Chemist: 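Below are the structure tokens for one structure; questions will follow.
Computed from a predicted model, the values in this text were never measured in an experiment.
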Amino acid sequence: ADHLVEATEKGWWRSIALASDRRAVSFLTDREMAKEIDPSDRELFQNLLQQTRHIAKSLSPSPLTEAPIVRSATTQRLDEFVGSNWLAVGDAAVSRDPLSSDGIDRALTTGRKAAHAIVDHFAGNTGALAKYRATLTAEFESYLDQRRANYQKETRWPDAPFWKPRQSLLTLPAAAVLRALPEFNSIARTVLLDRPKLLRPKQWKTLLSLAV
């Protein structure tokens, strides 16, 4: 196969066919484990590779021709997609899990949306930049749901350190959630003073919506 993806207990692998009967092989795992991998240690990488079934078989008996390279593949986003005289586009706005396999398409798509937002903004549409920000925010939230759904398809290692957090709902510390709310000051003041009866109906609705 030209493109193979395979899960193991410690992460997942991808193998892509290249020219001249060569293949590019990558292994995605947690940051802590990645720190233990010496990029120059081909034997260690080869031993990890042997834990796969289909990818190892597709490579046998070919040896590794280049030393492994360790890179970060963290899912992250900017706090703000729009600033003074700038817009964030593609991976500069949102960095997704490689399992999504949509980096090039998303870069082109967000580039087109950013271009339309810029043109509309200078044409007098005062809501163009806010719309662009809202679109990227909604797309990121949708991506997180899809990411979790993809990882939940693997059921062999529900308690493994790599798989468990990726199959669960994302959570944030209470303080971080409150700071993200437009009404943070008033909510924090009433909660910290232990006077919940002073919370307005809208504040109660906001807090209840966070209880998942």
Side-chain angles (χ1 to χ4, degrees), residues 1-8 11-19 22-31 34 54-55 58 68-155 162-172 176-177 179-182 206 209-210 212:
D2 291 340
H3 190 178
L4 293 174
V5 174
E6 182 173 352
T8 62
W12 59 268
W13 293 76
R14 170 182 287 167
S15 175
I16 302 175
L18 304 176
R22 302 176 70 195
R23 299 189 73 91
V25 182
S26 58
F27 174 49
L28 189 139
T29 188
D30 279 324
R31 180 182 309 226
H54 303 288
I55 290 182
S58 72
I69 301 173
V70 178
R71 292 289 184 268
S72 172
T74 303
T75 293
Q76 55 190 346
R77 55 153 289 178
L78 289 180
D79 288 339
E80 290 292 340
F81 298 129
V82 178
S84 177
N85 298 318
W86 63 267
L87 295 177
V89 177
D91 283 348
V94 173
S95 177
R96 298 189 181 188
D97 190 310
L99 192 61
S100 63
S101 298
D102 66 347
I104 295 177
D105 177 72
R106 185 169 42 80
L108 295 173
T109 300
T110 55
R112 184 178 67 252
K113 292 178 180 178
H116 285 304
I118 292 170
V119 171
D120 291 345
H121 172 72
F122 284 107
N125 183 348
T126 58
L129 301 184
K131 180 180 178 181
Y132 177 77
R133 179 191 295 112
T135 297
L136 264 61
T137 299
E139 289 177 351
F140 182 70
E141 292 174 353
S142 177
Y143 152 72
L144 291 179
D145 289 337
Q146 185 59 53
R147 175 178 180 267
R148 184 173 66 254
N150 286 337
Y151 276 102
Q152 285 177 338
K153 294 177 182 178
E154 176 53 76
T155 60
F162 177 83
W163 294 98
K164 187 174 183 178
R166 290 168 174 80
Q167 296 170 340
S168 305
L169 288 173
L170 297 177
T171 60
L172 286 173
V177 173
R179 288 192 182 92
L181 298 174
T206 301
S209 70
L210 298 173
V212 294

Chemist: For the CG atom on Leu18, are there more than 12 heavy atoms of other groups (residues, nucleotides or ligands in this structure) within a distance under 6.0 Å?
Modeler: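 Count over threshold, so yes.
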Chemist: Taking all heavy atoms of Ala88 and all of Tyr132, pick out the closest pair and write down the distance.
Modeler: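 The pair with the smallest heavy-atom distance is O-OH, 2.6 Å.
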Chemist: Going by atom types alone, do Asp97 and Tyr151 pair a side-chain donor with an acceptor below 3.5 Å?
Modeler: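 Checked: Asp97/Tyr151 side chains pair up, N/O donor to acceptor below 3.5 Å.
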Chemist: On a heavy-atom basis, which atom in Arg71 and which in Ile69 lie closest, and how many Å separate them?
Modeler: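 Smallest heavy-atom distance, with atoms named: NH1-CG2, 3.1 Å.
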Chemist: Check whether any side-chain N or O of Glu154 sits under 3.5 Å from a backbone N or O of Thr8 as a donor-acceptor pair, and report yes or no.
Modeler: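 No: the side chain of Glu154 does not pair with the backbone of Thr8.
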Chemist: Working to the nearest 0.5 angstrom, can you tell me the gap between Leu108 CG and Arg112 CZ?
Modeler: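 Leu108 atom CG to Arg112 atom CZ measures 8.5 Å (nearest 0.5 Å).
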Chemist: Please name the pair of heavy atoms, one in Tyr143 and one in Ser100, separated by the smallest distance, quoted to 0.1 Å.
Modeler: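 Looking at all heavy atoms of both residues, the closest pair is CE1-CB, 4.3 Å.
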Chemist: Looking at Asp91 and Arg106, is any side-chain nitrogen of the basic one under 4.0 Å from a carboxylate oxygen of the acidic one?
Modeler: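 Yes, charged N to carboxylate O under 4.0 Å.
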Chemist: In Å, rounded to the nearest 0.5 Å, how long is the span from CZ of Phe27 to OG of Ser15?
Modeler: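 Output value for this atom pair is 14.0 Å.
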Chemist: Minimum heavy-atom separation for Val82 to Leu129, with atom names?
Modeler: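 Here Val82 and Leu129 meet closest at CG2-O, 3.8 Å.
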Chemist: Would a distance-only check, ignoring hydrogens and angles, find a side-chain to backbone donor-acceptor pair under 3.5 Å from Glu6 to His54?
Modeler: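 Yes, Glu6 side chain to His54 backbone: donor-acceptor pair under 3.5 Å.
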Chemist: In Å, rounded to the nearest 0.5 Å, how long is the span from CD1 of Ile118 to CG of Asn85?
Modeler: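 If I round to the nearest 0.5 Å, the distance is 10.0 Å.
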Chemist: Check the pair Arg147, Leu99 against side-chain contact (heavy atoms from CB on, under 4.5 Å), reporting the backbone distance first and the verdict last.
Modeler: CA-CA 8 Å; Arg147 175 178 180 267; Leu99 192 61; over 6 Å; no
Chemist: Show your working on side-chain hydrogen bond (donor to acceptor under 3.5 Å, both in side chains) between Arg96 and Thr75 and close with a plain yes or no.
Modeler: CA-CA 5 Å; Arg96 298 189 181 188; Thr75 293; over 6 Å; no
Chemist: Going through the distances and angles, do Asp2 and Arg23 end up as a salt bridge (Lys or Arg N to Asp or Glu O under 4.0 Å)?
Modeler: CA-CA 9 Å; Asp2 291 340; Arg23 299 189 73 91; 5.6 Å; no
Chemist: Supply the atom-to-atom distance Trp12 CH2 to Leu28 CG, rounded to the nearest 0.5 angstrom.
Modeler: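 Answer rounded to 0.5 Å: 5.5 Å.
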Chemist: Is the side chain of Ser142 donor-acceptor paired with the backbone N or O of Glu139 at a distance under 3.5 Å, no angle test?
Modeler: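 It does not hold such a pair.
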Chemist: Which atom pair, heavy atoms only, marks the closest approach of Ala107 to Val89?
Modeler: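 What the structure gives for the nearest pair is O-CG1, 3.9 Å.
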Chemist: CG of Asn150 to CD of Gln146: how many Å apart, nearest 0.5 Å?
Modeler: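 Spacing of CG (Asn150) from CD (Gln146) equals 4.5 Å.
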Chemist: Specify the closest pair of heavy atoms between Leu87 and Ala117, including all atoms of both residues, with the distance to one decimal.
Modeler: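 Smallest interatomic distance, heavy atoms only, reads CD1-CB, 4.4 Å.
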Chemist: What's the separation between atom NE2 in His121 and atom OG1 in Thr126, rounded to the nearest 0.5 Å?
Modeler: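 Here the interatomic distance stands at 9.0 Å.
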Chemist: Check whether the side chains of Ser101 and Arg14 place a donor and an acceptor atom closer than 3.5 Å, and report yes or no.
Modeler: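 Distance-only check passes for Ser101 and Arg14.
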Chemist: Please evaluate residues Arg148 and Arg166 with respect to the criterion side-chain contact (heavy atoms from CB on, under 4.5 Å), reporting the C-alpha separation (whole Å), side-chain torsions for both, the decisive distance (0.1 Å), and the verdict.
Modeler: CA-CA 6 Å; Arg148 184 173 66 254; Arg166 290 168 174 80; over 6 Å; no
